[in-house]
Amino acid sequence: MESCVTAAGVLFTLLSTIDTVLSITPQTQEQVHVVKNVSSQFETTLWQPVSAEYIKAEADVHLFVPANSSQAVTDLLQSHAISYEYVILLDNAEELIEMQTKNDSTDPRSSQTFYERYHSLEDIYFWINRTIQDNPATVSVVLIGSSFEKRPLYALKLSMNNQPNKKAMWIDCGIHAREWISPAFCLWFVQYSLSFYKRNHDITTILDNMDVYVLPVMNPDGYHYTWTNNRMWRKNRSASSGSSCIGVDLNRNFDANWCTEGASNDPCSEIYCGAFPESEPESAAVANFLRNHRDSIQLYFSIHSYSQMLLFPFSCTMDEAQNHADLLEMAKEASQKIQRYYRNHYKYGSGSKTIYLAPGGSDDWAYNTGIKYSFTFELQDRGRYGFLLPPNYISKACNEALIAVKTIALRVIEKTHSFVGTA
Ligand code: 9B3
Ligand code: ZN
């Protein structure tokens with residue numbers, strides 16, 4: 001008995017010295033209320049859902065709890081009989097973060113390639129430069145605008161041939177700063193396209209028929225901030241008049257039922273919609289570029305994490321898109337491919353029915369602008385590591401997303417009869 005007590009005691013002491021992520025499942029409205037309030041009472045970060053307003057009964061809540069709040073939070077949950085479990089014992093989060101930022105390619109023990117590591121913003125700018133220099137015939141750079149802190153927003157254009165009236169697709173990454181797997185995917189995609197053109201049939205068909213625009217980091221200020229100050233930052237870094245809180249959620253700032261239910265007009269909220277639609281230089285730059293190219297761009301992808309979902313419009317209303325059946329079929333096929341090749345489960349469906357009702361997103365806006373094939377991907381994982389996905393998961397996460405992009409792009413080419421007929 002005594003040893004039992006001691007073991008429990010040791011476990012408890014251990015748990016109160018490390019950062020953890022709790023998976024909490026409130027069952028009643030009263031418990032929902034308690035869980036909603038936890039994040040305001042203690043120094044914790046809500047990982048899932050993105051904002052406390054979305055917490056509802058029977059849905060799992062992922063809460064990052066730093067060691068010093070651990071005891072108070074679990075006491076509170078226990079006193080309300082709220083069930084929870086430890087999903088990650090980040091022993092400790094610091095170690096995981098260190099693992100992600102350690103980038104020493106000169107370390108002889110590191111077997112990972114450039115694309116299997118996370119990169120600082122500086123490294124990514126450097127990579128952009130090198131990529132255009134190494135591939136002058138096929139890759140060019142487009143400066144689409146600049147961020148609030150005046151960093152350039154560079155998109156790469158992959159164009160393998162000069163067919164007249166060539167169609168195009170767009171991929172943006174890194175709207176949300178802490179979703180590091182997203183920029184990693186954009187880099188992966190570019191590298192894969194350049195290496196496997198003429199070696200892989202699907203990517204060859206895609207690039208023969210479409211130009212591809214890739215924006216590796218849509219929110220460079222936020223991304224930089226996650227490397228230097230706060231790993232869990234989501235929004236951009238713009239200042240609001242009348243509030244000391246910083247940042248707008250760029251995926252609530254587009255003009256699609258802007259700032260209705262599912263967004264907030266409070267500058268301190270993680271889902272702050274901004275002062276007006278496209279108030280932010282980053283979302284305005286993307287919207288302007290897409291508007292100016294809407295005749296050629298047929299397919300839009302926005303890459304996020306985490307939770308493993310393939311989403312399409314609408315998120316901003318429960319209404320179905322006019323081509324819902326097509327979008328559903330494409331997402332389903334992509335999800336089945338992932339299941340078959342990588343044994344990983346991806347949910348698919350319209351945003352509002354699959355994740356939550358949320359206005360102002362880039363995919364809904366792109367759709368309404370005339371890009372009828374529009375998708376948001378939520379990459380790995382489903383909460384074990386959440387935003388802190390270790391680097392050795394990058395290749396699998398990116399390959400999964402890649403197969404989904406390829407599947408959908410091929411279908412779009414087929415459906416829109418935009419074949420240019422190269423063999
Ligand atoms: C949200 C919206 Cl508004 C959209 N149109 N599509 C996807 C999402 C989900 C992402 C978000 O911005 O909350 C998940 Se990180
Ligand atoms: Zn996101």
Side-chain angles (χ1 to χ4, degrees), residues 45-55 59 62 171-186 215 217-219 222-223 226 231-236 247-264 269-274 277-278 280 282-283 286-287 290 300-321 327 331 346-369 371 373-383 386-389 397 401:
T45 309
L46 200 54
W47 276 20
Q48 177 188 291
V50 56
S51 173
E53 292 130 74
Y54 294 121
I55 294 173
H62 295 169
I171 308 178
D172 60 56
C173 294
I175 290 192
H176 289 140
R178 63 193 175 189
E179 300 165 9
W180 282 13
I181 188 64
S182 169
F185 174 75
C186 268
L215 175 62
V217 190
M218 177 165 161
N219 175 11
Y223 189 70
T226 61
R231 177 66 184 82
M232 287 303 144
W233 191 258
R234 167 179 165 99
K235 303 186 284 181
N236 76 348
V248 169
D249 182 347
L250 297 176
N251 213 31
R252 298 293 181 279
N253 191 235
F254 286 82
D255 199 0
N257 290 356
W258 178 79
C259 218
T260 51
E261 184 189 342
S264 168
S269 164
E270 290 284 33
I271 49 172
Y272 175 45
C273 58
E278 295 177 30
E280 303 311 292
E282 298 87 355
S283 38
V286 171
L290 295 176
Y300 173 88
F301 290 106
S302 190
I303 309 297
H304 291 248
S305 75
Y306 63 94
S307 62
Q308 300 184 189
M309 291 177 183
L310 310 179
L311 306 171
F312 51 80
F314 289 105
S315 290
C316 67
T317 161
M318 298 304 268
D319 295 351
E320 277 188 0
L327 296 169
Y346 276 65
K347 273 199 193 176
Y348 56 89
S350 70
S352 57
K353 298 207 172 122
T354 312
I355 177 165
Y356 36 61
L357 185 67
S362 62
D363 53 354
D364 283 356
W365 179 84
Y367 181 87
N368 288 336
T369 296
I371 304 175
Y373 300 99
S374 177
F375 296 85
T376 291
F377 286 0
E378 294 261 23
L379 307 195
Q380 282 190 33
D381 57 11
R382 282 156 93 183
F387 304 114
L388 302 179
L389 193 72

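The model shown is predicted, which means the values in this text are computed figures rather than measured ones. Atoms within each ligand, like the ligands themselves, are counted from 1 in listed order. We use all heavy atoms of the structure for the numbers below, so side chains are in, but hydrogens, waters and symmetry mates are not.
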**Message:** Out of the candidates D172, N251, I175, L250, only one should pair with N219 under the side chain to side chain contact (heavy atoms under 4.5 Å, CB included) rule; please name it.
**Reply:** L250
Side chain [X], main chain [Y], donor-acceptor under 3.5 Å:
X: W258; Y: C273; result: yes
X: D364; Y: A256; result: no
X: S352; Y: F314; result: yes
X: N253; Y: G360; result: no

**side-chain hydrogen bond (donor to acceptor under 3.5 Å, both in side chains) pairs, two or more places apart, involving residues 174-185** = H176-E179, H176-R234, H176-D249, H176-H304, E179-H304, W180-T226
**Fill in**
Excluding water, the protein N, O or S atoms sitting under 2.8 Å from the Zn ion (ligand 2) are H176 ND1, E179 OE1, E179 OE2, H304 ND1
**Request:** For I355, enumerate each residue passing the side-chain contact (heavy atoms from CB on, under 4.5 Å) test, keeping only those at least two apart in sequence or located in another chain.
**Result:** M309, L311, E378
Atom pairs and distances, ligand 1 N/O vs protein N/O under 3.5 Å:
from, atom 1, to, atom 2, distance (Å)
ligand 1, 5 (N), S315, OG, 3.3
ligand 1, 5 (N), D363, OD1, 2.5
ligand 1, 6 (N), S315, OG, 3.3
ligand 1, 6 (N), D363, OD2, 3.3
ligand 1, 12 (O), N251, ND2, 2.8
ligand 1, 12 (O), R252, NH1, 2.9
ligand 1, 13 (O), R234, NH2, 3.3
ligand 1, 13 (O), R252, NH2, 2.9
ligand 1, 13 (O), Y356, OH, 2.6

**Request:** Specify whether F387 and Y306 have parallel, tilted or perpendicular ring planes, treating 30° as the upper limit for parallel and 60° as the lower limit for perpendicular.
**Result:** perpendicular
**Prompt:** Aromatic rings F254 and W365: how do their planes relate, parallel, tilted or perpendicular, breaks at 30° and 60°?
**Reply:** tilted
